[in-house]
Amino acid sequence: MTQVARIVEILRGDVAPGTRATVEGWIRTRRDSKAGLSFLHVHDGSCFDAIQVVAPASLPNYESDVLRLTTGCAVAITGTVSASPAAGQAVELQAESVDVVGWVEDPDTYPISPKRHTFEYLREVAHLRARTNTFGAVARVRHSLALAIHRYFDEHGFYWVHTPILTTSDAEGAGELFRVSTLDLANLPRTAGGAVDFAQDFFGKPAYLTVSGQLNVETYCLALERVYTFGPTFRAENSNTSRHLAEFWMVEPEIAFADLDDNADLAEDLLKYSFRAILDERPDDMAFFAERIDKQAVSRLEGLVTSSFARMTYSEAIAALERSGRDWEFPVSWGVALQAEHERYLCEEYAHRPVVVTDYPKEIKAFYMRLNDDERTVAAMDVLAPGIGEIIGGSQREERLDVLDRRIVEVGLDPASYSWYRDLRRYGTVPHAGFGLGFDRSIAYATGMANVRDVIPFPRTPGSADF
RNA sequence: UCCGGCGUAGCUCAGUCGGUAGAGCGGGCGGCUGUUAACCGCUUGGUCGCAGGUUCGAGUCCUGCCGCCGGAGCCA
């Protein structure tokens, strides 16, 4: 009886030499030898490496099938696992049968030919790019990081809360919203005044895709104490950068009976735990990233998990920027928002590691962030990572109803629109805090991939939502 | 949205001063070899993004449009 084995099981030695096994996967390369055999490299996604299959010319379908195999063909190969006599691999599979499950109908135009491709090109063939070394590695690291994040929270008493994707809250203030409607766009119902009559829409009012689960998850925080969201988030901003997606994944923990220091501790602990997990669980993929994508990929993570993050207040950051003697494109003074060039300096040149910047001027932050005693700043924090910029943004939340109302009015919003959010402050309010971690940005940071469009399977950006 | 750059073979690119379209890789054929991003030879392969304009002649110069990429802003 022959068992189907994942390639990783064979390569790591779980299948003893001499054992018959079947592997199922896709051809990466084929090399023929006049010694009377062909070498097939087969990958199945179970690990970075492909397995070398030795296909002897004595196979009945050697001429008809094996010699016609090209990159991308799907195969099922049964053979004997054996030690490899040549350098390059410890074990290989001596084929007894090679079944072609699916041919590549035209090797000349197969989009993933065995050569280097630019990432820009591969985005155009996103349905096939997962077969490449790079995107297979990204997929495995992405999976590993997601599971590590869930595991961290589970081990620390957090509950995963499924906050809604659809929302009718139109004033979250975190970005442009995608409208969701079942109205006939070509024949919109109108009110007497001529406006679109959203009373006839699916929810009886305007609806959108969520830009953050935070406000919702705060409600569960004030019941279960430690909670988090992990799901897709949507922003209809016309952002065209290597760090922005219209649909991205965000992790938003929220902790009760906690202040900004607890929040920063959590952010640092979570990042260290989950990045350490990548190093432990995906050494093969990370070695590839360090070799081919970004030489610092492994050393950067190793440094991150063993050293503490730098921490400074916004005021200290401004002072450091002023002392730098740099000629900033955007002049620095207390009260201005930190620009990309400032954030880059702080983590890449000033601290040489991730930096937590806290206590920003209230004018440049959201209304729900807790007002500090100085009445000028709020208990906000950003975590800045070298090479990628802001990967975390968070705050201690304003738990005092009178102060919250004052802030809502100050920024021009209507307290009546936040009735359930205000109720949390009316009924058993407690200090609490939380943050948003950009999951895709974290993958980019960990792998050294330069563009978040290449760390998510099917990127959505302005003007682009194919596949 | 703003600034900059780029659109030439399946892919990555070169193409000089405006003068009949090139290379590498891939694919095909052959050679060689327990090979390993193999190597050697031959070969295949083009709406030069689209539409106008200038010119005897445009891949090349001009105008408009479309698409993509990078940076900025917004943010995660």
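Chain naming here is simple, since letters A, B, ... match the order of the sequence lines and numbering starts at 1 in each.
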Item to check | Separation of the P atoms in B:A37 and B:U43, to the nearest angstrom | outcome: 28 Å
Next on the checklist: Please report the distance separating the P of B:A23 from the corresponding atom of B:G46, rounded so that it comes out in whole Å.
Outcome noted: 14 Å
Checklist entry - Base, sugar-phosphate alone, or nothing: which one does A:Thr233 contact when heavy atoms must sit under 4.0 Å apart? => result nothing
Checklist entry - With both distances under 3.5 Å as the test, what is the Watson-Crick or G-U wobble partner of B:C6? => result B:G67
Next on the checklist: What's A:Ala35 touching, base or sugar-phosphate or nothing? Going by heavy atoms closer than 4.0 Å.
Outcome noted: sugar-phosphate
Checklist entry - Rounding to a whole Å, what distance do you find between A:Arg243:CZ and B:A76:C1'? => result 11 Å
Item to check | Whole-Å distance separating the CZ atom of A:Arg68 from the P atom of B:G27 | outcome: 15 Å
Checklist entry - Does any nucleotide pair with B:G41 by Watson-Crick or G-U wobble geometry, both distances under 3.5 Å, and what is it? => result B:C29
Checklist entry - Just checking A:Glu92: base, sugar-phosphate only, or nothing, at a heavy-atom cut-off of under 4.0 Å? => result base
Checklist entry - Expressed in angstrom and rounded to an integer, what is the separation of A:Asn451 atom CG from B:G70 atom C1'? => result 10 Å
Checklist entry - Is A:Asp382 paired with A:Lys365 through a side-chain N to carboxylate O contact shorter than 4.0 Å? => result yes
Checklist entry - If you look at every strand shown and take non-hydrogen atoms under 4.0 Å, does A:Ile392 touch a base, only sugar-phosphate, or nothing? => result sugar-phosphate
Checklist entry - Atom CZ of A:Phe119 to atom C1' of B:C69: distance rounded to whole Å? => result 14 Å
Checklist entry - For A:Phe439 and B:A76, are the ring centres under 5.5 Å apart with planes inclined under 30°? => result no
Checklist entry - With a 4.0 Å cut-off, would you call A:Arg397 and A:Glu254 a salt bridge? => result yes
Item to check | Charged tip of A:Arg441 within 45° of A:Trp249 ring normal and under 6.0 Å | outcome: no
Next on the checklist: Work out how far the P atom of B:A14 is from that of B:A76, and round it to whole angstrom.
Outcome noted: 39 Å
Item to check | Complementary nucleotide of B:A76, counting Watson-Crick and G-U pairs under 3.5 Å | outcome: none
Checklist entry - Are A:Arg292 and B:A37 close enough that a side-chain N or O sits under 4.0 Å from OP1 or OP2? => result no
Checklist entry - When we call it a touch if two heavy atoms are under 4.0 Å apart, what does A:Pro114 touch: a base, just sugar-phosphate, or nothing? => result sugar-phosphate
Checklist outcome for this item: Separation of B:A23 atom C1' from A:Lys115 atom NZ, nearest Å, is 13 Å
Next on the checklist: From CZ of A:Arg30 over to P of B:U33, roughly how many Å is that when rounded to an integer?
Outcome noted: 17 Å
Next on the checklist: By the 4.0 Å heavy-atom rule, please label A:Tyr121 as base, sugar-phosphate, or nothing.
Outcome noted: sugar-phosphate
Checklist entry - When you check the phosphate oxygens OP1 and OP2 of B:G71, does a side-chain N or O of A:Ser242 lie under 4.0 Å from one of them? => result yes
Checklist entry - What is the distance from CZ of A:Arg453 to C1' of B:A76, rounded to the nearest Å? => result 15 Å
Checklist entry - Paired with B:U35 by Watson-Crick or G-U wobble geometry, both distances under 3.5 Å: which nucleotide is it? => result none
Checklist entry - Using a cut-off of 4.0 Å on non-hydrogen atoms, how would the nucleic acid contact of A:Arg129 be classed: base, sugar-phosphate, or nothing? => result nothing
Next on the checklist: Can you tell me which nucleotide in B:U33, B:U12, B:G34 comes closest to the side chain of A:Asp32?
Outcome noted: B:U33
Next on the checklist: Rounded to whole Å, how long is the line connecting atom OH of A:Tyr110 with atom C1' of B:G26?
Outcome noted: 13 Å
Checklist entry - A:Glu120 near the nucleic acid: base, sugar-phosphate alone, or nothing, with a heavy-atom cut-off under 4.0 Å? => result sugar-phosphate
Checklist entry - Using a cut-off of less than 4.0 Å, is there contact between a side-chain N or O of A:Gln339 and OP1 or OP2 of B:G73? => result yes
Checklist entry - Which is true for A:Glu252 with a 4.0 Å heavy-atom rule: it touches a base, it touches only sugar-phosphate, or it touches nothing? => result nothing
Checklist entry - Touch check for A:Thr118, heavy atoms < 4.0 angstrom, all strands: base, sugar-phosphate only, or nothing? => result sugar-phosphate
Item to check | A:Arg300 to A:Tyr445, cation-pi by 6.0 Å centre distance and 45° axis angle | outcome: yes
Next on the checklist: Measuring to OP1 and OP2 of B:G73, would you say a side-chain N or O of A:Arg235 lies under 4.0 angstrom away?
Outcome noted: no
Checklist entry - Base, sugar-phosphate, or nothing: which does A:Val452 touch, judged by heavy atoms less than 4.0 Å apart? => result nothing
Next on the checklist: By the 4.0 Å heavy-atom rule, please label A:Thr70 as base, sugar-phosphate, or nothing.
Outcome noted: sugar-phosphate
Next on the checklist: Partner lookup for B:A23, please. Criteria are Watson-Crick or G-U wobble with both distances under 3.5 angstrom; report none if nothing qualifies.
Outcome noted: B:U12
Checklist entry - Salt bridge or not for A:Glu410 and A:Arg407, using N-O below 4.0 Å? => result yes
Item to check | Gap in Å between the two P atoms, one belonging to B:C62 and one to B:G5, rounded | outcome: 13 Å
